[in-house]
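All heavy atoms count here, side chains included; hydrogens, waters and symmetry mates do not. Each chain gets a letter, A, B and so on, in the order its sequence line appears, and its residues count up from 1. This is a predicted model, so every value here is computed, not measured.
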Protein chains: 2
Amino acid sequence: MVTVRDVARAAGVSISTVSRALTAPDKVAASTRERVATVAAELGYLPNRAASGLRAGRTGTFGLLVPDLSNPYFAAVTKGVAERAREHGLGVFVVDSEEDPEIEAELLRGLAHQTDGVVLCSPRDVTGDREVVGAKPVVVVNHRIDGTVSVGSDNTAGIELAVEHLHALGHRRIAYVGGPTTSWSDEQRRAALAEAGRHRPDLEILTFGPHRPVVEGGTAAAGVVVASGATAAITFNDVVAVGLVRRVQDLGVRVPHDLSVVSFDDTFLAHLVTPSLTSVHTDLRGVGRQATDLLVRRLAGAGGADGEPATDTLLPARLVVRESTAPAASLLPPG
Amino acid sequence: MVTVRDVARAAGVSISTVSRALTAPDKVAASTRERVATVAAELGYLPNRAASGLRAGRTGTFGLLVPDLSNPYFAAVTKGVAERAREHGLGVFVVDSEEDPEIEAELLRGLAHQTDGVVLCSPRDVTGDREVVGAKPVVVVNHRIDGTVSVGSDNTAGIELAVEHLHALGHRRIAYVGGPTTSWSDEQRRAALAEAGRHRPDLEILTFGPHRPVVEGGTAAAGVVVASGATAAITFNDVVAVGLVRRVQDLGVRVPHDLSVVSFDDTFLAHLVTPSLTSVHTDLRGVGRQATDLLVRRLAGAGGADGEPATDTLLPARLVVRESTAPAASLLPPG
DNA sequence: GTGAAAGCGCTAACAT
DNA sequence: ATGTTAGCGCTTTCAC
């Protein structure tokens, strides 16, 4: 293993000069800096993060906690985080809580202890998690929690886009197939739906749920959605939409002819399935990147939990229209 | 931050006793051990991995490199690795190379340097990567490379299962829609296909590709597959199958009526799409778990690259029959 | 601008 | 069985 001593010897300087040349370039003469850099590169020197972290009090690493890596939503966010971390030269510990609050708390504790800060990505209420993390900076994805920096999708705008689209297509009775009660996004969307309904007296909005955010959640909802007489549905996410579509088709309801469906998230599933799904898109990778940038800013700042005021960043929603939505049957010419 | 000193003081022992009580329980008196454990728990002591790693020469952390986290295949493997790492009490650095060989080499270098070993998950030939890692233990997923420990799916058995299934359904002309030339799995499968064809004189096997392992890879292949007169196709993975199915349907070919399709991997996509896909299943999470166990074993052993002879673990393949396969039309009663 | 030296939190000899 | 001590590789005063 090549250490600072090796580089120092080869460059004919002291180890502190090597350290400075590599971490605080302006505190060393240009010529020295260059020589050290060259020698370091030749020797293939890589600083030992454990050692530098131990001494400097920061590890150059942060943690990312997600509930389920195989969920395309979190996979996309994770990619954004990983990508941006690399650009910042930071390491990332990725942990998967398997949607289990206990595991989540345990992992989070460990994560907070070994890293400089944490990006906390959880659909659940993470208020309790906050104190597990202690004084380390946290950025929360997909929640708005008092006293934390958060990043998320603009669910309100998303709902408005979905409703607007369906309303314009002539739908007047829209079902919302909601997610888990613990989901903050779901809460937001329900509130936004109520608001959207208030603005459109001719519109009737029916809400169903809670449903698990899996295929079975969608299949479970199919019966009541069909029975409700709704001509369009908005689902909690793509996967629920897939379940819903499949089951209503089994019941003889055609999508989009008899039922239009708009999903949330627009993960790659949305354009993979048949019919492809009209979906409320958010740049999830961007969410991850943004969360990372916010964390890095806090890391660079006071470093503590109170380094910066709580902020709430919303990434814009965009509606991607595909095959699962069509004009309400009543608008079609008869026959 | 609570350190060994705090625990030592509170428990009335020396710091080395604390360290021993926590890491080598059989080297201290039971009563002492218990007292230390209690005090440590009360104080919320968590050992600092950076410090212990620095001193002990192992970090308690290993790296996992995957080409694309949002690929369901790698997501599943990653989950297995993460899960097992947690059970072993090890941290895991997950990095995403974005399918870029240069990024991969850079990340791998960093990874090898900060960790005790690496699980290398790459569809490409990783021979060059081996030396980047240096002396650290490596477990390779999805390859068989001289001198390394590897874990993978049993592609040969998988092909045999797929061919057997289709042959039994009466298919006599089968197309293989292959993956990238750089894919080792693809190579294996092509070899297995040739073998399967040799055993069945009445069977004709056509191979196509290379194709990118994405939806577009499948759509690109649709034309030639249909033109080839094959009544069944085996695809490199689920995503390619999705593309293939979609496009052949556009061409007026019904699946499975006119064309049966068997995919590889059986990720969650396979039962999500319509028609759901008959797919060669491997326990991918198990692959991840197995890779982790092998790495842990090497970590516990000599620790170096030569600690144990190279081994090649194959996880069994299983065929999951779903809607995308049916008897060859020629076997159906006319009309 | 550069070097000498202290020490981050921990573990592993070496003592006792 | 337990305490004392010397570092792991690095950053950061403090001198010069």
Side-chain angles (χ1 to χ4, degrees), chain A residues 1-37 39-40 43-61 89 91 110 112-116 136 299-300 303, chain B residues 1-37 39-40 43-61 89 91 110 112-116 136 299-300 303:
Chain A
M1 168 177 275
V2 185
T3 76
V4 272
R5 306 187 110 78
D6 301 315
V7 178
R9 199 174 313 125
V13 294
S14 73
I15 60 164
S16 32
T17 299
V18 172
S19 175
R20 272 189 290 252
L22 266 29
T23 62
D26 44 325
K27 286 186 175 170
V28 84
S31 60
T32 316
R33 186 197 321 146
E34 208 162 307
R35 185 153 36 92
V36 170
V39 171
L43 265 48
Y45 169 76
L46 278 180
N48 180 324
R49 262 199 187 138
S52 83
L54 184 56
R55 182 62 243 244
R58 49 190 157 62
T59 61
T61 297
H113 196 254
Q114 319 294 341
T115 62
D116 298 340
K136 295 272 175 74
L299 255 31
Chain B
M1 167 177 275
V2 185
T3 75
V4 272
R5 306 186 108 80
D6 300 316
V7 178
R9 199 176 312 126
V13 294
S14 74
I15 59 165
S16 38
T17 299
V18 172
S19 175
R20 271 190 291 254
L22 267 28
T23 61
D26 44 324
K27 287 187 175 170
V28 302
S31 60
T32 317
R33 187 196 323 145
E34 208 163 308
R35 185 152 37 92
V36 170
V39 171
L43 265 49
Y45 170 76
L46 277 180
N48 180 326
R49 265 201 183 135
S52 86
L54 185 56
R55 181 62 244 243
R58 48 188 160 61
T59 60
T61 297
H113 196 256
Q114 319 295 340
T115 62
D116 298 340
K136 295 272 176 73
L299 255 30

Less than 4.5 Å apart, side chain to side chain, heavy atoms only: is that true for A:Arg35 and A:Val13?
yes
Along DNA chain C, first and last positions that approach a heavy atom of chain A under 4.0 Å
C:dG1 to C:dG9
Overall bend of the helix from C:dG1-D:dC16 to C:dT16-D:dA1 (five pairs an end, 10° steps) is 40°
On a heavy-atom basis, which atom in [X] and which in [Y] lie closest, and how many Å separate them?
X       : Y       : value
B:Val2  : B:Gly44 : CG2-O, 4.5 Å
B:Val39 : B:Ala11 : CG2-CB, 3.9 Å
B:Asn48 : B:Ala50 : OD1-N, 2.8 Å

Sugar-phosphate, base or nothing in reach of B:Arg33, heavy atoms under 4.0 Å:
nothing
Tell me, which of residues 4-17 of chain B have any heavy atom that sits under 4.0 Å from an atom in DNA chain C?
B:Val4, B:Ile15, B:Ser16
With the threshold set at under 4.0 Å for non-hydrogen atoms, list the residues of residues 18-32 of chain A touching DNA chain C in residue-number order.
A:Arg20, A:Lys27, A:Val28, A:Ala29, A:Thr32
Can you tell me how far apart OG1 (B:Thr61) and CD (B:Gln114) are? Round to the nearest 0.5 Å.
10.0 Å
Just verifying a value: how many Å separate B:Arg33 CZ and B:Leu22 CG, rounded to the nearest 0.5 Å?
11.0 Å
List in chain and number order the residues that pass side-chain contact (heavy atoms from CB on, under 4.5 Å) with [X], two or more places apart in sequence or in another chain; answer none if no residue qualifies.
X       : value
A:Ser14 : A:Ser16, A:Thr17
B:Ala40 : B:Val7, B:Tyr45
A:Ala56 : A:Arg58
B:Leu46 : A:Arg109, A:His113

Strictly by salt bridge (Lys or Arg N to Asp or Glu O under 4.0 Å), give each pair with a member in residues 4-28 of chain B just once, sequence neighbours left out.
B:Asp6-B:Arg9
For DNA chain D, what residues of residues 44-52 of chain B have any heavy atom nearer than 4.0 Å?
none
Not counting sequence neighbours, which residues clear side-chain hydrogen bond (donor to acceptor under 3.5 Å, both in side chains) with B:Thr59? List them please.
B:Asp116
Along DNA chain D, 5' to 3', what are the outermost nucleotides having an atom less than 4.0 Å from a heavy atom of chain A?
D:dG9 to D:dT13
